[in-house]
Amino acid sequence: MTGFDLTRLLAERGDERYDLHARHLNHQLPRMLHTLGFDKVYDRAEGAYFWDRDGRDYLDMLAGFGVMGLGRHHPVVRQALHDVLDAGLADLTRFDCQPLPGLLAEKLLGHAPHLDRAFFGNSGTEAVETALKFARYATGRPRIVYCTHAFHGLTTGSLSVNGEDGFRDGFAPLLPDTAIELGDLAALERELKRGDVAGFVVEPIQGKGVHPTPPGFLRAAQELLHRHKALLIADEVQTGLGRTGDFFAYQHEDGVEPDLVCVAKALSGGYVPVGATLGKDWIFKKVYSSMDRVLVHSASFGANAQAMAAGLAVLTVMEDEETVAHARHTGDLLRSRLAALVERYELLHDVRGRGLMIGIEFGRPKSLGLRSRWTMLQAARKGLFAQMVVVPLLQRHRILTQVSGDHLEVIKLIPPLIIGEREVDRFVEAFTAVMDDAHGGGGLMWDFGRTLVKQALQTH
């Protein structure tokens, strides 16, 4: 009988969490959390909330970067995992066909009826890697076009289509891919005319900065790609499964039918890592063209029973609870209430997005006093004001959010899709209080800004 006792281990050593990370994992993570005052100790979580050891609740407007679409510990997903473990299935034999992967593929493809087959991996970046490989093999061409400021993952293939130099620096050489500006059809056509483009990978709404594709862009890009015998790859890792008020974000635009679609994050239910690449029949049949090629692309833990059970439970809950329509309604409410504040606050420049993927952008104010403070922050490092808003939202109002990207004055809201009017009220009231503080010259907020400036100017 084993002596392992998880409950006892956490009770005995849980308080070492930050020291353990500093010694054995990414040492910059605890350093960053201590600097921002984000070094909280959360004891439990449920739905859209965390609780600390003093019993105080925290509203989650981050959802684990979009993983917790149904919130934390949804009872249906949790029960599905208990059931699949109790079933004692002969999982991952590698030489049989278990029913759960087929059932999940059938259910997932039902939301994209123009697609025919699915490959299951373990993450969003793996789903993108699969799409890149499949596009290259199916077309016989080497090059992928992507967009500046895109984020498609951090493994080497997906990093090659990552539009941020900060992630790419020091990891060259990467794959031979080419960036264009989001919405630039002329640039896409120029690249396609070279005859070596396998496909174009695009987020229907860019996560960095929360920038939707311009109206009509995806449809026009699809027509250009198919005219030049290249593929449209939609990265729906963050935008998929209801996040934007449709099941997939590309469905906001009529007539768009990507050749390959990448999903992950919310499909996991927040429990078991899973990613999926959906595609057209002819692409899969070209990649898996013979029995000799049956394992030409695979994943050791892909399509494992726990991940498949979680995915099936997630999709069932979304249908039963009408999660997509709920996300659309709640997102419209939250976005409209925030947009109404743009005229009230000169530091607030824009509110944009779809569904429950919302970007709040700050910009240079007009009044002299605020402008001098703003200029001080911008001279040190762009993006510090947005961080100044994120910190009091957590520290004073117990709401977890994120800055949308490095050097960006944008906060991104991607809460669990289950939030309702109560959470909308709480966020808007807290955000209004923080903005009142900023525009009133709030000492504590701008003092913290000066602390961030000092941090930004230090060289390590």
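Any value given below was found using the heavy atoms of this structure, including those in side chains, with hydrogens, waters and symmetry copies removed.
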| message | Quick check: do F427 and L338 have side-chain heavy atoms less than 4.5 Å from each other? | response | yes
| field | Heavy-atom pair with the smallest gap, counting every atom of G242 and A327 | value | O-CB, 3.5 Å
| T239 vs E236, side chain to side chain donor-acceptor pair (under 3.5 Å): CA-CA, chis, key distance, verdict | CA-CA 5 Å; T239 56; E236 295 268 4; 2.6 Å; yes
| request: Determine, for D406 against K382, whether the closest basic-nitrogen to carboxylate-oxygen distance falls under 4.0 angstrom. | output: no
| query | Within a reach of under 6.0 Å around CD of E421, are more than 12 heavy atoms found that belong to other residues, nucleotides or ligands? | reply | no
| query | Just by modelled atom types, is the H149 backbone N or O under 3.5 Å from a matching donor or acceptor in the K208 side chain? | reply | no
| query | Would you call Q222 and F200 a side-chain contact if the rule is heavy atoms closer than 4.5 Å? | reply | no
| request: For the residue pair F362 and F385, categorise the inter-ring angle as parallel (less than 30°), tilted (30 to 60°) or perpendicular (more than 60°). | output: perpendicular
| said: Closer than 3.5 angstrom, by distance alone: can the side chain of R243 be matched with the main-chain N or O of L356 as a donor-acceptor pair? | reply: yes
| message | Just so I know, are the side chains of V424 and R337 near enough to count as touching, which here means a heavy-atom distance under 4.5 Å? | response | yes
| Just by distance, do the side chain of T155 and the backbone of G157 share a donor-acceptor pair under 3.5 Å? | no
| message | Taking atom CD as the centre, does E322 end up with more than 12 heavy-atom neighbours from other residues, nucleotides or ligands that are less than 6.0 angstrom away? | response | no
| query | Are H297 and F119 an aromatic pair by the rule of ring centers under 6.0 Å? | reply | yes
| task | Could you tell me which non-hydrogen atom of K412 sits nearest to which non-hydrogen atom of Q238, and how far apart they are? | result | NZ-OE1, 2.9 Å
| task | Using a strict cut-off of less than 4.0 Å between a Lys/Arg side-chain nitrogen and an Asp/Glu carboxylate oxygen, indicate whether R168 and E164 qualify as a salt bridge. | result | no
| message | I'd like to know if the side chain of Q387 and the backbone of V403 have a donor-acceptor N/O pair within less than 3.5 Å. | response | no
| request: For Y42, look at atom OH and say whether over 12 heavy atoms of other residues, nucleotides or ligands are found less than 6.0 Å away. | output: yes
| query | Does a side-chain N-to-carboxylate-O contact under 4.0 Å join R194 and E191? | reply | yes
| request: Check whether any side-chain heavy atom of V84 sits under 4.5 Å from a side-chain heavy atom of D91, and report yes or no. | output: no
| query | So does D254 have more than 12 non-hydrogen atoms from other groups sitting under 6.0 Å from CG? | reply | no
| message | Against the six-membered ring of Y288, is R117 placed for a cation-pi contact (under 6.0 Å from the centre, within 45° of the normal)? | response | no
| field | Side chains of M318 and H111 in contact at under 4.5 Å (non-hydrogen atoms) | value | no
| With side chains defined as the heavy atoms from C-beta onward, is the minimum distance between P415 and E423 less than 4.5 Å? | no
| Closest heavy-atom contact between L115 and D259? | CD2-O, 3.7 Å
| said: Taking the side chain as everything from C-beta on, heavy atoms only, tell me whether L154 gets closer than 4.5 Å to T125. | reply: no
| said: Are more than 12 heavy atoms, taken from residues, nucleotides or ligands other than E319, located less than 6.0 Å from that residue's CD atom? | reply: yes
| In a check of side chain to side chain contact (heavy atoms under 4.5 Å, CB included) between V202 and each of I180, L218, V145, which one passes? | L218
| remark: Test side chain to side chain contact (heavy atoms under 4.5 Å, CB included), reference I205, set T244, T213, L182, output is T244
| message | Can you confirm whether M32 sits close enough to F38 that some side-chain heavy atom of one is under 4.5 Å from a side-chain heavy atom of the other? | response | no
| Which atom names give the shortest non-hydrogen contact between I414 and M357, and what distance separates them? | CG2-CG, 4.0 Å
| field | Shortest non-hydrogen separation from L188 to A221 and the atoms involved | value | CD2-CB, 3.7 Å
| note | Tightest non-hydrogen contact, residues C262 and I233, listed as SG-CG2, 4.2 Å
| Strictly under 6.0 Å, is that where the ring centroids of H34 and Y18 end up? | yes
| said: Run the side chain to side chain contact (heavy atoms under 4.5 Å, CB included) test on V210 and S404 for me, step by step, so that the C-alpha distance in whole Å, both residues' side-chain angles and the decisive distance to 0.1 Å come before the verdict. | reply: CA-CA 7 Å; V210 191; S404 180; 4.2 Å; yes
| message | Regarding K285 and D116, does a basic nitrogen lie under 4.0 Å from an acidic carboxylate oxygen? | response | no
